[in-house]
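Ligands are counted one by one from 1 in listed order, and the atoms in each one are counted from 1 as well. These figures come from a predicted structure and were not determined experimentally.
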Amino acid sequence: MEGSKKIICINDLSGMGKCSLTVAIPILSVMGIQSVAVPTAILSAHTGFPNYSFFDFTDYMPDYLKNLSKLNMNFDMIYSGFLGSENQIEIVLDFVRQNKESQFLCDPVMGDNGEIYSTYTDKMCQEMKELVKNADIITPNITEASILTGIEYPGENISIEKAKELAKLLSSLGPKTVILTGIEPDEKTIINMAYKKETDDYIICKTNRSRIDYPGTGDIFASIIAGSLTNGEDISKALRKASDFIKEASDITIPVGSPKYCGIMFEKILDKLKG
Ligand code: PXL
């Protein structure tokens with residue numbers, strides 16, 4: 001009756017940079033899903049650019065979410081990404097608790113390459129753990145996995161055995177499915193791995209690594225996973241789709257020589273996500 005499937009996308013809107021809402025919206029649309037955008041902050045460009053403006057949307061979020069709820073629509077999934085303040089994480093947590101019938105995919109965007117983002121405080125890390133506890137699916141990289149579990153950052157080039165331990169440890173925090181991203185067992189390979197608590201099984205998706213890692217690819221990855229799972233595809237198919245898409249878009253971007261912060265030219269191959 002309500003038409004297409006719907007995913008609530010809680011993320012920032014960055015004008016330049018191909019990340020967050022500006023990738024989630026086109027990706028979900030081409031996958032036949034309506035994205036219901038909930039901005040967390042509005043930036044002229046993401047924070048990796050030489051300069052940017054930043055408008056924190058936290059104060060507007062409770063009223064925004066209250067009004068969305070009053071519409072009595074059925075939202076298939078809530079998908080959260082970049083969150084900018086303690087208060088914002090609490091607002092998202094409340095919303096998730098009030099909408100238990102929707103799947104919750106939490107991409108705990110907190111850091112990269114062993115570094116926590118400068119906007120993150122200790123209190124925000126605690127709040128993020130609480131959010132993760134309430135998630136059905138999480139998609140951390142190894143930096144985020146180490147922050148969430150409290151283990152020392154082991155670097156990206158961990159063994160598959162170590163990655164399996166880490167994924168299982170993360171699932172003990174609450175989520176039924178953990179997708180650990182960006183495992184680099186050697187220079188040429190990138191592995192995205194899923195652990196399903198219910199069946200105690202691991203799905204390993206290996207891809208040839210691109211020469212350059214671009215910002216925003218984590219958001220593209222999580223958006224494709226959200227769309228694919230909402231469309232009823234299994235985790236193995238979702239992982240393959242997301243990993244291959246990012247590899248292909250990175251490979252067409254590298255020869256162009258654009259600054260890394262401009263992200264990957266995913267628009268050129270968006271149609272591959274159809275059907
Ligand atoms: O996930 C990438 C991202 C999203 N949102 C903002 C960012 C970045 C990466 O730097 O700055 C605001």
Checking contacts here: is it the side chain or the backbone of Ser20 that comes within 4.0 Å of ligand 1, counting heavy atoms only? Could be both or neither. side chain
With heavy-atom distances below 4.0 Å as the criterion, list the atoms of ligand 1 near Asp219. 1 (O), 2 (C), 4 (C)
What atoms of ligand 1 come closer than 4.0 angstrom to any heavy atom of Asp12? 4 (C), 5 (N), 6 (C), 12 (C)
Would you please say whether a donor-acceptor pair under 3.5 Å links the side chains of Asp12 and Ser14? yes
For atom 11 (O) of ligand 1, closest protein heavy-atom neighbour: Thr47 OG1, 2.5 Å
Which residue and heavy atom of the protein sit nearest atom 8 (C) of ligand 1, plus the separation: His46 CB, 4.0 Å
Between Tyr117 and Tyr120, ring centroids under 6.0 Å: no
Would you please determine whether Cys19 falls within less than 4.0 Å of ligand 1 on a heavy-atom basis? yes
Closest non-hydrogen atoms of Asp200 and Tyr195, given as atom of the first, atom of the second and distance, are OD1-OH, 2.6 Å
Using the side-chain hydrogen bond (donor to acceptor under 3.5 Å, both in side chains) rule, take Asp107 and Thr139 through it: C-alpha gap first, then chi angles, then the decisive distance, then the call. CA-CA 5 Å; Asp107 184 14; Thr139 54; 3.0 Å; yes
Taking Glu233 for its side chain and Ala238 for its backbone only, find out whether a donor-acceptor pair lies under 3.5 Å. no
